[in-house]
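Everything on this sheet refers to the single structure shown next.
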Amino acid sequence: MTTEAGSETDVKKEPEKVPEVEQQQEQETVPPQTEEQSSKPAESEAPPTAAAAADQPQEENQIAEPQSEPEASASPDPSSPPAASAQKKEKGISRFLPPWLKRQKSQSQEKPAESPTPHTEPIEEKSVKEEDEEEKKSGDQPDGGAAERTEEVEVKEEAQSRPQEEEQEKEEEEKEKEEEKSVGSADTQPAREEREGEPEVKESEEKKEEKKEQEQVIQPEESAALLPHKLSKKMKMVVCHVTLLDGSQFSCEVEKRAKGQYLFFEVCEHLNLVEKDYFALSFKDNAEQRCWLDPTKEIKRQIRNSQWQFAFSVKFYPPDPSQLTEDLTRYLLCLQLRQDIASGRLPCSFVTHALLGSYALQAELGDQDPDEHRLDYISDFQFAPNQTKELEEKVMELHKSHRGMTPAQADAQFLENAKKLSMYGVDLHHAKDSEGVDIMLGVCANGLLIYKDRLRINRFAWPKILKISYKRSNFYIKIRPGEAEQFESTVGFKLPNHRAAKRVWKVCVEHHTFFRLTSPEQPTKSKFLTLGSKFRYSGRTQAQARQASTLIDRPTPYFQRTSSKRISRSLDGAPMVNISDYSRAVDSAAGGDNGPALELNSDSKAPQVELEEKPSVDVATSVTSESASKTDKGGAGAPQTKDLDKTQEDVLKHQASISELKRSFMEAAPEPRPSQWDKRLTGSPATTLRLQAPGSLEEELTSLFLSKACFSALSGSCSAAAAPAEGRRVSAQPEAPQISSSLPEADRRDASKVLQRPPPANLTCSTEVKPEVNGQPEVVEVVEETVVIEEVVKAKPKSPTPEPESAAQDRSLSSDSESEDEAEYHAHTPSISVQLIKEEPEEELNQQAPPSEPEPITETEPAVPAPSAQTEEDEAPNGHSPIPEAPPTETEEEEPHIVNGGVSRVETEVICCSEPPVVKTEMVTISDTFAAQKTEISTKEVPIVHTETKTITYEAAQLDGNGDGEPGVLMTAQTITSESLCTTTTTHITKTLKGGLSETRIEKRIVITGDSDIDHDQALAQAIKEAKEQHPDMSVTRVVVHKETELAEEDD
Amino acid sequence: MSDFGKYTHAIMRAMPASLSTAALRSDNVSPVDPLGVQREFDHYVSVLRDRLGLQVVMLPADEELPDCVFVEDTAVVCGSTALITRPGAPSRRSETVAMKGALTELGLNIVEMNDELATMDGGDVLFTGKEFFVGLSKRTNQRGAEILANTFKDYAVSTIPVEEGLHLKSFCSMAGPNLIAIGSSDAAQKALKVIQQMSDCKYEKLTVPDDRAANCVYMNLPGKGDVLLHCTPEVFPESTKVFERLKSHMLIPVSNQEKMKVDGALTCLSVLLRI
């Protein structure tokens, strides 16, 4: 069971709920980690610590996770989606449960060598690409019996977790302390403690499970034999019935908790299909809507109460079937198209019906034989929805002309004609436009088509779409402004219901990824409890599929073409419009948000980085994130920093290679999740970097978008900062930190990406932040999911200021102002170099030019303890905080933190001593935040300004606001703004009561605006000096300087 | 589409004497020279039949239908299917009768636009070889476009708002398999942008200074290759220069000065088809 628990959770939960994963870290990680732990007991003890990460890259992920765990545990709000909560709870419980550790150890001992497998599994889950082995593993892993047990365990855990939440938090705190103290051992110790506390019974069960898992992992097939007694009870097999494209039925026995992937591979194996990336399994949900079976999730959870009846069909219609390698693949595609045509889903003219029918006949029957083929020989075939005698005669006539054509040739001709049809590969969905007019949304390889009746009334090519989202039953696309347009626009459509909206969204995400990207986005692993779907297409992209096809090295497989009669008959009555259903209501809801995803377009076009972050996290979150990041790095921080510094220098001086940049970014990643990022970075080819920042969407959207950042090769660092969305967290303290961390990472990645693309001298960073504050932190149902697609970078001047408007207003997707706000967040560049030093709260010098948000966040961080309070504060600052940053601005933030000794938390502080990277940044901001805030001037005509951005961050050791978990009481929070000639000073004071000690954190944001004539350095020095003088009893914890200078029109 | 522009037949209709006096027109300024119109028409016919070798089916004129010479508006032919339109101008509805008969005789599949709510002038239909663009104008409405879409199901049919000018093809036309001739007016350029946005294809554009000069007739004929009937330098000197840059085309200037006074363009005079 242990393995199962671990593996299953990974498989199931990871893909679906990234945030949860983090929480689950212990469980999930346990199996893999256990092994590691065994090898390195000391390290193992401290799961969250950065040290572990430093030691082992793999562990990095884990490290990130551990931090998240505490957060997660704390975060599990009552409102959180059931699934998520359950998982989360489990995680939390698991942490506490001693048995896990034991199990882990035992596992490790038993099969140390196998340890790698568990690690791989999660990866496998993500990518369907995985080979058979993986499949087997996944398939084997989910043992019926084991699964059941795991479920039980989970339930128990959950129950426990709730009551124990407080305890957990405490424990977490303790862990943190421990971690801080001993980086290496932090993980294990807390875990042990937890274990001890937990009931023995669970332990025993868990142990059993673990054993099973181990065995399974090792010998999936044998496991059953090995543990007959246990497995017999636990293993539940289910027979799946799959309708194949030729109308035949394929039955397959799968473990009850098997993932969709397992069944899909079984079917492909049965079909001897290699080029399977274009295909998928579907099923009918309770509403008779066709839903695609997500390969990364458990079948059972997807079909719910429906029958285990599936259909194998084409999901992505290759625009050019001739590029398929195998005839078998083309044959299957032909079968699908025949279905589509016969059902009317793929409309075509009489002539085309006849022509395609004749090719089908030729492929099925070969040359027409006058003797054998009578006039009625084709009446058994269905060529069209309404087949007439006239058509049949025409088909026969054409059939004669194909004499001598081989079946494969006939199929090829069939496809050559079919692919030209305007509705080929278009997935239609019923919808209404903003005026309530019935329309159809057609998702295809090239983008989104809008139909009214049969007329195409609009078309949005993927490059034209910046963001895709849905909210409730509405589906939105944000459109890139045209040449003459200065601002983005959002188009909304009304779907019949929430599920339909989500289906469209998913189909769009999948099609965009498959056809537009070179490699899929990594599924977001958010550590937060987030609402919303983390869904991302995890399979191969078309580019990858084609690449793989070229590598196919096997003799042409023999396959027998079956009579199309069956097909046509089976097709009868097929619905004209096929709406693919992706039912994942629960999952999606549970799954945090779709977090932020950065999409780098593989397109040769301008480098584009897309960050989507939908942090539902409160402002507090952001704060916490910092602290969290600090803690994480605590161990490994120092070395990393060095690396970073070096790299940065290189970049600046020598325009270091992209790869180096990546490395630096990865290493540098200060935030809690470095591991994930690292994995992604390392794993992903240099060309495609994708950052996904996990964000949490609450019912109402909270989304931060960091959209493209294009950096010139020259620019050493890009500043893309995503501002944390604001949501109220009920209890989720831990999550927040993660989010924040993720953001910076994302930025870095962006930067790295940008860097990779040497050619463009301009850096463009467009950040869109859509913070939405949700009163309900965790809602079971995820309402919105947003995908930001940015392919083209447009530079617009950003005024990096948190836009209050956005925060307050942006509950609606359409608001462009949000994006603007986001842009401000964008600035968050500080991520450049971060050093983690464990120290007690000291001085933080944050100089953040672009991202003003972080600062406010920081302030709150110390106060973190009181989530609600923070939320309020945060929201206020973020959304409303009047700290507009004009493009050229220098901001100083002083955050004197008084750490409460009461809690022995030492917060590791990230010290950013990054040399001020000179980045030429083009920021695209729809509206000038700055302008918007102050004057409410239409942002539409914001000119494109090229700015040079320098960001310098100095951080002294901080007290961790991480205290996320810590129950802090927000005493007071106030924001004071004063404005003088060229400087704007915003002071944000947060008082928090932590562990009996009151902590006051003051964040000052000083915006110095002026011509280049001004001596900014001097002004900055003066500002810092003044700040110190004003608060002699406080220490400066962080100074972030962000300098943006308008460049001449060089870039242009 | 390799078949694009490969025509064998042209359906035309003789010019009624009533054209110069009774034809519908949006511009009342200058009178039509009856002799000049006839001269232009005869030249056009001779080019198609004598120079290009097309089979020209000449329908008899009907004095009751002063606009009947503009046969393009009465039918849309694609492949072996012909859609008989329902012209937007009530006075022209009867023009379709003769066209239907001719197309039927040629063996085409006939689809009629019988919906009384639908209107369509063929001049609003731009077929690029890959897809249709239908201008929504004074003469063509959404319903008409829907019927066209239902008729030619293989192709995408996109609607294009026509804010100025009589027809969509009053300021644009196909000048090659992947080449759209487009006028320079704001309305024309705006329409082009819509076309480009709506299409999965990347069309090249040939921008001419004069909107009306953007209406040309492209054909791809055996032995002659790309053939383009376009405006004359006497009428549109600058636009003609633009066409003359198409080195690979057989360029045939055809005067259309008089018919333009009654909103007649080059494409209006014939329905081209391949049998």
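Below, chain A is the first sequence line, B the second, and so on; all start at residue 1. Since the model is a prediction, treat every value here as computed from it, not as a measurement.
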- Query: Between Phe460(A) and chain B, which part of the residue has a heavy atom less than 4.5 Å away: side chain, backbone, both or neither?
  - Reply: side chain
- Item | chain A contact residues among residues 117-126 of chain B, heavy-atom distance under 4.5 Å | none
- Of the listed residues (Pro347(A), Ser422(A), Gly447(A)), which shares the most heavy-atom pairs with chain B below a 4.5 Å separation? Ser422(A)
- Does any heavy atom of chain A fall under 4.5 Å from the side chain of Glu131(B), the backbone, both, or neither of them? side chain
- Test log, rule side chain to side chain contact (heavy atoms under 4.5 Å, CB included), inputs Thr81(B) and Ser349(A): CA-CA 9 Å; Thr81(B) 300; Ser349(A) 64; 5.9 Å; no
- Between Leu455(A), Leu421(A), Ile450(A), Thr352(A), the one whose heavy-atom pairs under 4.5 Å with chain B are most numerous: Leu455(A)
- Quick one: what part of Thr159(B) sits under 4.5 Å from any heavy atom of chain A, side chain, backbone, both or neither? both
- Taking side-chain contact (heavy atoms from CB on, under 4.5 Å) as the test, write out the residues that go with Lys494(A), two or more places apart. Lys432(A), Ser473(A), Asn474(A)
- Item | Greater than 12 external heavy atoms within 6.0 Å of Gln189(B)'s CD | yes
- Item | Side chain, backbone, both or neither of Asp453(A) within contact of chain B (heavy atoms, under 4.5 Å) | side chain
- Message: A quick test of your reading: do over 12 heavy atoms of other residues, nucleotides or ligands sit less than 6.0 Å from NZ of Lys100(B)?
- Response: no
- Query: Mind checking which of residues 146-154 of chain B sit less than 4.5 Å from chain A, heavy atom to heavy atom?
  - Reply: Glu146(B), Ala149(B), Asn150(B), Lys153(B), Asp154(B)
- Task: Could you tell me whether Lys190(B) atom NZ has more than 12 heavy atoms of other residues or ligands within 6.0 Å of it?
- Result: no
- Are Ile457(A) and Gln142(B) side-chain neighbours, meaning at least one heavy-atom pair lies under 4.5 Å? yes
- Any chance you could measure Met423(A), atom CE, to Tyr155(B), atom OH, to the nearest 0.5 Å? 16.0 Å
- Query: Where along residues 195-209 of chain B does a heavy atom come under 4.5 Å of chain A, listed by residue number?
  - Reply: Gln196(B), Gln197(B), Met198(B), Ser199(B), Asp200(B)
